[in-house]
Amino acid sequence: MFTVLLLEFRSFLEPLSIMAGALLALLGTVAALWLTGTSQNIISRLGAIIGVGIVARTGILMLDYVDHLRANGLSLVEALVQSGRRRLRPVLMTSMARRWACCRWRTGSARGADMPAAGWRSR
């Protein structure tokens, strides 16, 4: 993934920041699992992978738009603020949809919600 980002951005700093954001998302997921006492199972690992993917996609889109705005003459701070405003609604919608899906799993009302309780463990 890092090599593809290097080729896309033609720089080292942007891909490094995207990878750092993905790493922080993964650390946040592990910390949340530890704080809540939730076990590591296939569902929690799937959630971690989805979270890292969301963070990476958002970072790529935001940095691409910042580069576009900087090419049009905006300062770095103005470009970052405009990019953040533009991506806020999609990020909130994606996060709320993910939380809703996870809540359905936790309450047992989703299809396959009994999978962790049925003894499915990663090997």
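Only a predicted model underlies this, so the values are computations on that prediction, with no experimental measurement involved. In what follows, residues are counted from 1 in the order of the sequence shown. The basis for the numbers below is simple: all heavy atoms, side chains too, and nothing from hydrogens, waters or symmetry mates.
Linking Ile, Leu, Val, Met, Phe, Trp and Tyr residues whenever their side-chain heavy atoms come within less than 4.5 Å leaves Ile49 and Met19 in two separate clusters. Hydrophobic clustering (ILVMFWY, side-chain heavy atoms < 4.5 Å, transitive): Leu23 and Ile54 are in distinct clusters. Note on Leu16 and Ile18: same hydrophobic cluster, where clusters join Ile, Leu, Val, Met, Phe, Trp and Tyr whose side-chain heavy atoms are under 4.5 Å apart, directly or indirectly.
In this view, Ser11 and Glu14 satisfy the side chain to side chain donor-acceptor pair (under 3.5 Å) rule, not counting sequence neighbours.
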Enumerate, atom names and distances included, each donor-acceptor pair closer than 3.5 Å involving a side-chain atom of residues 65-81, sequence neighbours excluded.
{"residue": "Tyr65", "atom": "OH", "partner": "Arg86", "partner atom": "NH1", "Å": "3.4"}
{"residue": "His68", "atom": "NE2", "partner": "Asn72", "partner atom": "ND2", "Å": "3.4"}
{"residue": "Ser75", "atom": "OG", "partner": "Glu78", "partner atom": "N", "Å": "3.3"}

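Looking at every heavy atom in both residues, Ala25 comes nearest to Gly51 through CB-O, 4.4 Å. Closest approach of Ala22 and Val55 over heavy atoms only: N-CG1, 3.9 Å.
In this structure, CG on Leu92 lies 10.5 Å from CZ on Arg87, to the nearest 0.5 angstrom.
When each of Leu63, Val91, Thr94 is checked for a side chain to side chain contact (heavy atoms under 4.5 Å, CB included) with Thr58, only Val91 meets the rule.
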